[in-house]
Amino acid sequence: MTTTLLRTAGELHARARAGRRAVVMTMGALHEGHATLIRTARGIAGPDGEVVVTVFVNPLQFGRGEDLDRYPRTLDADLALAERSGADVVFAPAVDEVYPGGEPQVRITAGPMGERLEGSSRPGHFDGMLTVVAKLLHLTRPDVALYGQKDAQQLALIRRMVRDLNFGVEIVGVPTVREEDGLALSSRNRYLSAAERRTALALSAALFAGQDRHAAQEALRARAREVPATRARAEALSAIGESRAAADAHAVATAVPGGPAAVRAAARQVLDEAARLDPPLALDYLALVDPSDFTEIADDFTGDAVLAVAARVGATRLIDNVPLTFGSFGAAS
């Protein structure tokens, strides 16, 4: 397969279309995470469809003092990776193709969800992101658009925009791709020195610690539902000590704090330790949220949730998250 590089929407619109068009939106500096998105898009579009990869560094979603100028631009390498992964087209427009006449006066507003977490740390970021996504959806005219779940809040806002504003496109989220040591793939990982990268592993380690605690709790709750016991028996077993009580689901459930608070605590412990490393990890936020609105969940919450973290290591800001399900009486999702 030969991938075609296009610079204007007119060129893209002039292409004959047969099957479904699937679009993967990127800011370039493509890596294996993007390759996974492109391969997934290829499977959705099928042999008769078309996969379009957009490469556009959107100035609207960078705040003052952020890394717009130094954000990596590697179009030749991006084109090669897109071709290997099954893309038909790389659409790499100039800024004046996306924003003719300068920055748009009319923009998409992310609303309350866009002011939380990433939105609080990066004011205006999600307004700029949604504006360019809306523009690129119009310019590329896809049947389906794919986004990585690593940017969970972004994905949630895009889904909300598409639903609220009646965009005729299907949105597909693709699971986060990680390196062997657990670090989530990101174009910004290339900024990290060797020492900074070792510290950065605390982000995924914290999430996995919370995930493991959650899985253990859910398994214990499942066992507690299956094993009949009286309150007196559970309290008596708890008094014997943790090692004995660990064999009994009711005693463990009574003796050990559970739910979202325990998940947060397990993750926080890893991050607190990373703050003492050299170089240190500077935590921006750790949050356990409802993915429908990105508000913190209560201790009695049941349903899907997202454990999310953002931090700086040196001059590089990184984000990561894992999905969890509370009240499922099973392992972490």
Side-chain angles (χ1 to χ4, degrees), residues 1-58 72-93 97-98 129-130 132-152 154-159 161-163 167-180 183-190 320-321 323 333:
M1 173 180 291
T2 300
T3 300
T4 302
L5 175 64
L6 301 179
R7 296 286 192 171
T8 71
E11 293 172 322
L12 184 58
H13 297 166
R15 289 177 62 89
R17 293 180 61 171
R20 303 179 81 196
R21 175 177 284 174
V23 165
V24 174
M25 295 185 186
T26 83
M27 292 204 302
L30 303 188
H31 50 65
E32 182 57 29
H34 297 110
T36 298
L37 284 165
I38 297 167
R39 289 192 292 266
T40 305
R42 180 80 271 161
I44 291 173
D48 297 326
E50 183 179 56
V51 175
V52 176
V53 176
T54 70
V55 174
F56 181 68
V57 181
N58 176 36
R73 291 161 171 84
T74 57
L75 184 58
D76 289 343
D78 295 343
L79 187 61
L81 183 145
E83 185 166 278
R84 291 195 303 270
S85 305
D88 297 287
V89 172
V90 167
F91 177 52
E97 175 71 14
V98 178
M129 179 277 294
L130 288 179
V132 78
V133 168
K135 292 276 287 184
L136 289 172
L137 287 175
H138 290 313
L139 291 173
T140 59
R141 302 174 183 175
D143 300 289
V144 56
L146 297 89
Y147 303 89
Q149 290 178 357
K150 183 177 78 71
D151 298 296
Q154 169 180 284
L155 176 59
L157 282 163
I158 292 170
R159 283 178 165 149
M161 177 185 73
V162 165
R163 182 171 71 249
F167 280 69
V169 61
E170 177 187 356
I171 303 299
V172 173
V174 178
T176 300
V177 178
R178 301 183 180 277
E179 299 194 34
E180 289 185 4
L183 186 68
L185 288 177
S186 169
S187 299
R188 290 184 170 93
N189 289 352
R190 67 187 66 196
D320 200 353
N321 71 85
S333 59

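This chain uses plain numbering: 1 for the first residue, then up along the sequence.
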**Prompt:** So how far is it from T2 OG1 to L79 CG, rounded to the nearest 0.5 Å?
**Reply:** 10.0 Å
**Item:** Contact summary for A22 and A45, nearest pair of heavy atoms
**Value:** CB-CB, 4.3 Å
**Request:** Could you tell me whether a side-chain N or O of S187 sits under 3.5 Å from a main-chain N or O of A29, the two making a donor and an acceptor?
**Result:** yes
**Fill in**
Here the pair of heavy atoms bringing E97 nearest to R7 is CG-O, 3.8 Å
**Asked** With distance as the sole test, does H34 use its side chain to make a donor-acceptor pair with the main-chain N or O of H31 at under 3.5 Å?
**Response** yes
**Expected output: side-chain T3 to main-chain V89 donor-acceptor under 3.5 Å** = no
**Prompt:** Are any non-hydrogen side-chain atoms of V172 and I44 less than 4.5 angstrom apart?
**Reply:** yes
**Message:** Nearest 0.5 angstrom please: T140 OG1 to F91 CZ, how far?
**Reply:** 7.5 Å
**Asked** Would you say N189's side chain and A184's backbone share a donor-acceptor pair under 3.5 angstrom?
**Response** yes
**Asked** Does R42 reach the side chain of D88, with side-chain heavy atoms less than 4.5 Å apart?
**Response** yes
**Asked** Rounded to the nearest 0.5 Å, what separation is found between the CG atom of L81 and the OG1 atom of T74?
**Response** 9.0 Å
**Message:** Let's go through T36 and V174 carefully: what are the C-alpha distance in whole Å and the side-chain angles of both, what is the deciding distance for side chain to side chain contact (heavy atoms under 4.5 Å, CB included) to 0.1 Å, and is it a yes or a no?
**Reply:** CA-CA 8 Å; T36 298; V174 178; 4.1 Å; yes
**Request:** Test side chain to side chain contact (heavy atoms under 4.5 Å, CB included) on R17 and D143 and set out the steps.
**Result:** CA-CA 11 Å; R17 293 180 61 171; D143 300 289; 3.1 Å; yes
**Request:** Could you please spell out the steps behind the side chain to side chain contact (heavy atoms under 4.5 Å, CB included) verdict for L6 and R15?
**Result:** CA-CA 11 Å; L6 301 179; R15 289 177 62 89; 3.8 Å; yes
**Item:** M27 to F56 - nearest heavy-atom pair and separation
**Value:** CG-O, 3.3 Å
**Item:** Interatomic distance, L146 atom CG to T26 atom OG1 [nearest 0.5 angstrom]
**Value:** 12.5 Å
**Fill in**
Closest non-hydrogen contact found for L12 with L139 is CD2-O, 3.8 Å
**Message:** Using every non-hydrogen atom in the two residues, find where N321 and A152 come nearest and quote the distance to one decimal.
**Reply:** ND2-CB, 3.6 Å
**Prompt:** Could you state the interatomic distance from OG1 (T4) to CD (E83), rounded to the nearest 0.5 Å?
**Reply:** 9.0 Å
**Asked** Roughly how far, to the nearest 0.5 Å, is the CE atom of M25 from the CE atom of M129?
**Response** 10.5 Å
**Asked** Within the side chain of R178, is there an N or O that forms a donor-acceptor pair under 3.5 Å with the backbone of L183?
**Response** no
**Fill in**
I171 and R159 have their tightest heavy-atom pair at CG2-CG, 3.8 Å
**Asked** Counting only N and O atoms by type, is there a donor-acceptor contact under 3.5 Å from the side chain of R20 to the main-chain atoms of P142?
**Response** no
